[in-house]
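In what follows, a structure is listed as structure tokens, so that the remarks can point back to it.
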Amino acid sequence: MMRISRHDIPFISFFATSHSSSIRLYSSTHSNTKLGLNSNIENVKCLNDAVSLFHQMVRRKPLPHVVSFSKLFKTMQNMKHYSAVVSLFREMQKLGIPINGYILCNVINSYCLMHRVDCAFSVLPIYLKNAIPFDVVTFTTLIRGIFAENKVKDAVELFKKLVRDKICEPNEVMYATVMNGLSKRGHTEKTLSLLRLMEQGSTKPNIYIYSIVIDALCKDGNLDIAINLLNEMKQEGIPPDIVTYSSLIDGLCKLGQWEKVKTFFSEMVNLNIYPDVHTFNMVIDGLCKEGKVEDAEEVMNHMIEKGVDPNIITYNTIMDGYCLCGQLDRARRVFDSMVDKNIEPDIFSYNILINGYCKLKKVDEAMQLFCEISQKGSKPNIVTYNILLQGMFEVGRIGFAKKFFDEMLSTGPLPNLSTHSTLLNGYFKYGFVEEAMSLFNKLEIKTEDIDIAFYSVVINGLCKNGKLDEAHAIFQKLSFIGLLLDVRAYTIMINGFCLEGLFDEAKDILRKMEANGCFPDNVTYNVIVQGFLRCSKISEMTTFMKEMTGRGFSFDATTAELLVNVLRENPSVLDMIPELHSEKRK
DNA sequence: ATAGGGTTAG
């Protein structure tokens, strides 16, 4: 039953010998004779400092104590110089300098943070060689690293093995790590059952554990269960704190349950738990997403009155809210006011504004801001380029877009999959099918992380350019290579068939997607109905109209317009749609 | 253990 991953293999072979020795083998004769080494380590400000201090240290006689080395490593890790940690560690090994468990765990963690769990596992033999026992921290670090690579199954298998074979007793931190890893990857059910397991066992859930589960439930929109759990933890004598309440408030904001948000605000304040900048930002974000940006600004003023300072997230959220409803002048105010408050706009602030301008087709203003970025000492990133590329294609400035892309290749960040999708979409939009396909063929070979969205751009582009067969061939290839089709991909293919009047094929795809557990949404139905309307197939249109209204979907603007056009040309069609007739009488 | 924000496809 248990799948042995390549990560498990080294681990399993160590287990046989690991508990035979638990004596730490570092020499106590290597003491730190020179005072001030600790302060030297504390004064390390950059990678250079760290490396040169390390080289000083290894030349000292006697050698500094192993703890000094581990402190230096810790400092380097905090500065995120993971690969440097690894190479200095290798140097220590080569020089035969004693190490301890902290250093090894540090190396493991560095590998994990570099997304190299395979290398992290290769550190385990060094524990054995030096007779350093594994502990719960080592394994927790490894589990976190496995999760970071999204290998949920492997992480869970390791955890289960540790428990089942009694290799180490999981503590609250290990449970929290596993549960956090699971919940952040959509496995709320499993997270909840681990909580229930903990309640039965000897390591009881603490406030962190409850908060992880409550947050997961809130993110899923399961507010009722989350609130039940809140009451449960209160009964267990674990009072919720600001984090717990913030998660609940965030969930309620996202559901637009503003009355309950108010209730929880008063509940927490009554318990002397005060909302912080996180809590307020969640409320502000919820309001902005509902288009209530003015209310959001009022909340910001309220938080200032309460002595909670808005941060860059607050400002960016409100700016984005204004951009989304096209109020660029307001967004620009907000932008200026953050500068007044000595909060430097970051690349996100710029991207939000640039995107706002592009969506209003004001590409020149967007470009002006783009130029401002480097003047202000910031740097455009790949998203900045992607936003502008899309904006240029949107207004038909193809030559400009190409030039901009070339400029990016020579001086800017590396293009990513979105860049290429945007480029392909632009080419197809203006009928440059050959150019698009030659780029696609090149990319398909050399790109590792091609996703369904990228293929969808190509399928859509081929369909729109009358190349249905080619599109369908790629579409069929996708399931073959094991790429999971999503509702958009299916809808694109359905639309392709509808555009050619091939309704049997379109309906076939519709059946297939449902059979594969991918359910048609509002856009899917509108695409089909539009297809029938364009061919004046009214009775079939009516069938699907009934089906979609039965599922709670409705016509979008394009569909409505098509229907009006059909009716204008042939008013008698109305008699064929009794549903619309009765609506009209009302 | 909690917050945000930008890009592509129907």
Side-chain angles (χ1 to χ4, degrees), chain A residues 172-173 176-177 179-180 183-184 206-216 218-219 240-251 253 275-286 288-289 310-321 323-324 345-356 358-359 380-391 393 415-426 428-429 451-461 463-464 486-496 498 520-528 530 556 558:
Chain A
E172 289 90 343
V173 180
T177 304
M179 292 166 81
N180 201 26
S183 73
K184 291 284 161 14
N206 60 15
I207 183 157
Y208 288 80
I209 302 281
Y210 276 110
S211 294
I212 290 169
V213 185
I214 287 178
D215 187 60
C218 289
K219 293 244 159 49
D241 65 4
I242 179 65
V243 176
T244 329
Y245 275 109
S246 294
S247 290
L248 284 162
I249 286 174
D250 188 42
C253 288
D276 62 8
V277 63
H278 289 143
T279 330
F280 281 115
N281 282 347
M282 291 161 170
V283 177
I284 287 172
D285 184 60
C288 286
K289 292 269 158 61
N311 59 15
I312 188 148
I313 297 178
T314 324
Y315 285 100
N316 284 348
T317 306
I318 293 181
M319 259 174 44
D320 196 49
C323 284
L324 285 178
D346 60 9
I347 189 60
F348 284 103
S349 324
Y350 281 104
N351 286 348
I352 290 167
L353 265 187
I354 291 175
N355 188 46
C358 284
K359 288 286 162 321
N381 62 12
I382 185 61
V383 179
T384 322
Y385 281 92
N386 291 348
I387 293 170
L388 279 160
L389 266 179
Q390 169 62 18
F393 276 120
N416 61 15
L417 202 58
S418 294
T419 320
H420 290 130
S421 303
T422 306
L423 214 57
L424 284 176
N425 191 47
F428 278 120
K429 186 180 164 94
D451 58 11
I452 184 66
F454 176 84
Y455 276 111
S456 298
V457 170
V458 178
I459 295 170
N460 183 49
C463 287
K464 294 282 169 66
D486 61 9
V487 60
R488 284 186 166 198
Y490 281 113
T491 306
I492 287 169
M493 202 60 244
I494 289 174
N495 193 35
C498 287
D521 64 10
N522 207 28
V523 184
T524 318
Y525 276 109
N526 273 283
V527 157
I528 295 175
Q530 283 167 29
D556 63 20
T558 315

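Convention: sequence-line order gives letters A, B, ...; per-chain numbering from 1. What you see is a predicted model; the values in this text were computed from it and never measured.
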Choose from B:dA3, B:dG10, B:dG6 the nucleotide whose nearest atom is closest to any side-chain atom of A:Phe348.
-> B:dG6
Side-chain N,O (A:Lys184) to OP1/OP2 (B:dT2) below 4.0 Å | yes
Among the nucleotides B:dT2, B:dT7, B:dG4, whichever has the atom closest to the side chain of A:Ser246 is B:dT2
Base of B:dG6 paired with side chain of A:Asn381 (donor-acceptor, under 3.5 Å) | yes
A:Val383, nearest nucleotide to its side chain (from B:dT2, B:dT7, B:dA1) = B:dT7
note: A:Asp451, atom CG; B:dT7, atom P; distance rounded to Å ~ 16 Å
Which of the following nucleotides, B:dA1, B:dT8, B:dA3, is nearest to the side chain of A:Met282?
-> B:dA3
Whole-Å distance separating the CG atom of A:Asp250 from the P atom of B:dA1 = 17 Å
Measure from CD1 on A:Ile209 to P on B:dT2 and round the result to the nearest Å.
-> 12 Å
N or O in side chain of A:Asn355 less than 4.0 angstrom from B:dT7 OP1/OP2 = yes
Determine: side-chain N/O of A:Asn281 to OP1/OP2 of B:dG4, distance under 4.0 Å, yes or no.
-> no
Nucleotide of B:dT8, B:dG10, B:dG4 approaching A:Asp346 most closely (side-chain heavy atoms) | B:dG4
Rounded to whole Å, the CD1-P distance (A:Ile249 to B:dG4) equals 14 Å
For the residue pair A:Lys429 and A:Asn425, confirm or rule out a side-chain donor-acceptor distance under 3.5 Å.
-> no
Using whole Å, report how far CG of A:Leu389 lies from P of B:dT8.
-> 11 Å
In whole angstroms, how far is the P atom of B:dG6 from the CD1 atom of A:Ile352?
-> 6 Å
Please give, in whole Å, the distance from B:dT8 P to A:Tyr385 OH?
-> 18 Å
Tell me: CD1 of A:Ile382 to P of B:dT8, nearest whole Å?
-> 13 Å
Output yes when a side-chain donor or acceptor of A:Asp250 lies under 3.5 Å from a complementary backbone atom of A:Cys253, and no otherwise.
-> no
Answer yes or no: is there a donor N or O on one side and an acceptor on the other, between the side chain of A:Asn526 and the main chain of A:Asp556, under 3.5 Å?
-> yes
Of the nucleotides B:dG5, B:dA3, B:dG10, which one has an atom closest to the side chain of A:Asn316?
-> B:dG5
For the side chain of A:Thr491, starting at C-beta, report the closest nucleotide among B:dA1, B:dG10, B:dT2.
-> B:dG10
Shortest non-hydrogen contact between A:Asn316 and A:Phe348, atoms and distance | ND2-CB, 3.8 Å
When we call it a touch if two heavy atoms are under 4.0 Å apart, what does A:Val487 touch: a base, just sugar-phosphate, or nothing?
-> base
Go through the N and O atoms of the side chain of A:Asn311 and the base of B:dG4, and report whether any donor-acceptor pair is under 3.5 Å.
-> no
Minimum-distance nucleotide (side-chain atoms of A:Thr422 versus B:dG6, B:dT8, B:dT2) = B:dT8
Is there a donor and acceptor pair, one atom on the side chain of A:Asn386 and one on the base of B:dG6, closer than 3.5 Å?
-> no
Nearest to the side chain of A:Ser247, which nucleotide is it out of B:dT2, B:dG10, B:dT8?
-> B:dT2
May I ask you to say what A:Thr524 touches in the nucleic acid, namely base, sugar-phosphate or nothing, with a heavy-atom cut-off under 4.0 Å?
-> base
Distance below 4.0 Å between A:Lys219 side-chain N/O and B:dA3 OP1 or OP2 = yes
Got a sec, which residues hit salt bridge (charged side-chain N to carboxylate O under 4.0 Å, His left out) with A:Lys219, two or more places apart in sequence or on another chain?
-> A:Asp215
Would you mind telling me which of B:dA1, B:dG4, B:dG6 lies closest to the side-chain atoms of A:Ile313?
-> B:dG4
